[in-house]
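Data block below; observations after.
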Amino acid sequence: KPLLHLLDKPMILWVAEIAAKAVGRENVFIATDDVRISNLVSKEGYKYIFTSQLALTGTDRVAEASLQLNYDIIINVQGDEPLISPVDIQECIHQKSKFPQYIINSYNLITPKENKNSKNIPKVVINESDILLYISRSLIPGFKLSNYDFSEYKKQVCIYGYSKKELEAFLSFGRKSELEKYEDIEILRFFELGYSIKMFKSISDSLAVDVKEDIPQVEKLLSNRNKL
């Protein structure tokens, strides 16, 4: 999927360019087990780290890569998020610096154009201190009475901030946790390991490329952004 072309450019390069704007190209590393991706990004001047083909999730892959890095804060931006803003990456760093006791993750509101019931969109519920209460592919919160509705459902935006020690704990668990396995949402492993997760609202309404049907809308948004 990272090699999928959006407006004649591989998606992984869109994401790498955004990350470089946020932290500088010298601090961007593409974690991959695919030589096609490593060849592509190296030709464009980006560094890469080869990881195991047995990595269970993207976070496991980042955790493997972190073993070769010496940073206090490691930001994970998934390769299928070409609409994330560099400002959101910088804010994730700021949040992790300010609240080092938390795993950091981002969210935004589900727009009317999106299907809030889609299993491809992880929904989040947070408390008034922006601490994650739960994340699910099901629509949450739910309602006992059918005449209730919720005007601001929140979705996860896949940008994360961790410490190297937190990533090592995630990796050393060695398997998917139960809720992580059922929901297929990797941050739930941190949740089940007892870590608290602090959320911040992204400034951009990111749209991940989960299925082919997402491509036209993402390309339209990329095209509009390039005109600014």
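Along the sequence shown, the residues carry numbers beginning at 1.
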Show your reasoning for whether side chain to side chain contact (heavy atoms under 4.5 Å, CB included) applies to Asn76 and Leu167. CA-CA 11 Å; Asn76 174 8; Leu167 283 170; over 6 Å; no
[X] [atom1]: over 12 foreign heavy atoms closer than 6.0 Å:
X: Arg36; atom1: CZ; answer: no
X: Lys21; atom1: NZ; answer: no
X: Asp72; atom1: CG; answer: no

Grab the two heavy atoms, one from [X] and one from [Y], that are nearest each other, plus how far apart they are.
X: Ile84; Y: Cys158; value: CD1-O, 4.0 Å
X: Ile18; Y: Pro82; value: CD1-O, 3.1 Å
X: Asp60; Y: Ala55; value: CB-CB, 4.3 Å
X: Pro122; Y: Ile185; value: CB-CD1, 3.9 Å
X: Ala22; Y: Pro86; value: CB-O, 3.5 Å

Decide yes or no for [X] and [Y]: does some side-chain heavy atom of the first lie under 4.5 Å from some side-chain heavy atom of the second?
X: Ile126; Y: Ile131; result: no
X: Ile135; Y: Glu183; result: no
X: Ile110; Y: Ile121; result: yes
X: Leu132; Y: Val124; result: yes
X: Thr59; Y: Ile187; result: no
X: Leu139; Y: Lys116; result: yes
X: Leu13; Y: Glu44; result: yes
X: Lys47; Y: Glu26; result: yes

Walk me through whether Arg61 and Thr51 qualify under side-chain hydrogen bond (donor to acceptor under 3.5 Å, both in side chains). CA-CA 6 Å; Arg61 194 175 304 284; Thr51 55; 2.7 Å; yes
Just how far is it from atom [atom1] of [X] to atom [atom2] of [Y], taken to the nearest 0.5 Å?
X: Glu180; Y: Phe191; atom1: CD; atom2: CZ; result: 13.0 Å
X: Ile103; Y: Phe170; atom1: CD1; atom2: CZ; result: 9.5 Å
X: Ile104; Y: Lys198; atom1: CD1; atom2: NZ; result: 7.0 Å
X: Tyr134; Y: Ile197; atom1: OH; atom2: CD1; result: 11.0 Å
X: Asn117; Y: Arg137; atom1: CG; atom2: CZ; result: 14.0 Å
X: Phe200; Y: Glu91; atom1: CZ; atom2: CD; result: 6.0 Å

Given 3.5 Å as the limit, does a donor-acceptor pair link the side chain of [X] with the main chain of [Y], or not?
X: Ser172; Y: Ala169; answer: yes
X: Ser52; Y: Leu54; answer: yes
X: Glu81; Y: Ile159; answer: no

By salt bridge (Lys or Arg N to Asp or Glu O under 4.0 Å), Lys201 pairs with (sequence neighbours left out) none
Any link between [X] and [Y] through a network of hydrophobic side chains (Ile, Leu, Val, Met, Phe, Trp, Tyr) touching at under 4.5 Å?
X: Leu83; Y: Tyr107; value: no
X: Leu179; Y: Val125; value: yes
X: Met199; Y: Leu193; value: yes
X: Ile49; Y: Ile37; value: no
X: Leu69; Y: Val28; value: no

Can Leu56 and Arg189 be said to form a side chain to side chain contact (heavy atoms under 4.5 Å, CB included), step by step? CA-CA 12 Å; Leu56 296 174; Arg189 193 185 312 176; 4.2 Å; yes
Is the Tyr48-Tyr46 ring centre distance short of 6.0 angstrom? no
Can Asn108 and Ser202 be counted as having a side-chain donor-acceptor contact under 3.5 angstrom? yes
Classify the side-chain pair Asp88/Ser85 by whether it contains a donor and acceptor separated by less than 3.5 Å. no
When you measure from the centre of the six-membered ring of Tyr153, is the NZ or CZ of Lys123 under 6.0 Å away and within 45° of the axis? no
Report the C-alpha separation of Lys155 and Glu114 in whole Å, then their side-chain angles, then the decisive distance to 0.1 Å, and conclude whether the salt bridge (Lys or Arg N to Asp or Glu O under 4.0 Å) test is met. CA-CA 10 Å; Lys155 64 180 178 181; Glu114 296 175 284; 2.9 Å; yes
Step by step, would you call Lys96 with Glu166 a salt bridge (Lys or Arg N to Asp or Glu O under 4.0 Å)? CA-CA 12 Å; Lys96 185 59 180 171; Glu166 289 162 346; 2.9 Å; yes
Where do Glu17 and Arg25 land on the salt bridge (Lys or Arg N to Asp or Glu O under 4.0 Å) test, with the steps shown first? CA-CA 8 Å; Glu17 289 172 4; Arg25 186 177 295 228; over 6 Å; no
Would Val23 and Ile75 count as a side chain to side chain contact (heavy atoms under 4.5 Å, CB included) if you check the C-alpha gap in whole Å, the side-chain angles of each, and the deciding distance to 0.1 Å? CA-CA 10 Å; Val23 299; Ile75 304 300; over 6 Å; no
Once you measure the plane-to-plane angle for Tyr162 and Tyr160, does it fall in the parallel (<30°), tilted (30-60°) or perpendicular (>60°) bin? parallel
Do Glu192 and Phe190 pass the side chain to side chain contact (heavy atoms under 4.5 Å, CB included) test, and can you show the C-alpha distance, the side-chain angles, and the key distance before you say yes or no? CA-CA 5 Å; Glu192 292 187 82; Phe190 281 119; over 6 Å; no
Could you walk me through whether Lys119 and Asp184 satisfy the salt bridge (Lys or Arg N to Asp or Glu O under 4.0 Å) test, starting with their C-alpha distance in whole Å, then the side-chain angles of each, then the deciding distance to 0.1 Å, before giving a yes or no? CA-CA 10 Å; Lys119 296 296 184 182; Asp184 192 25; over 6 Å; no
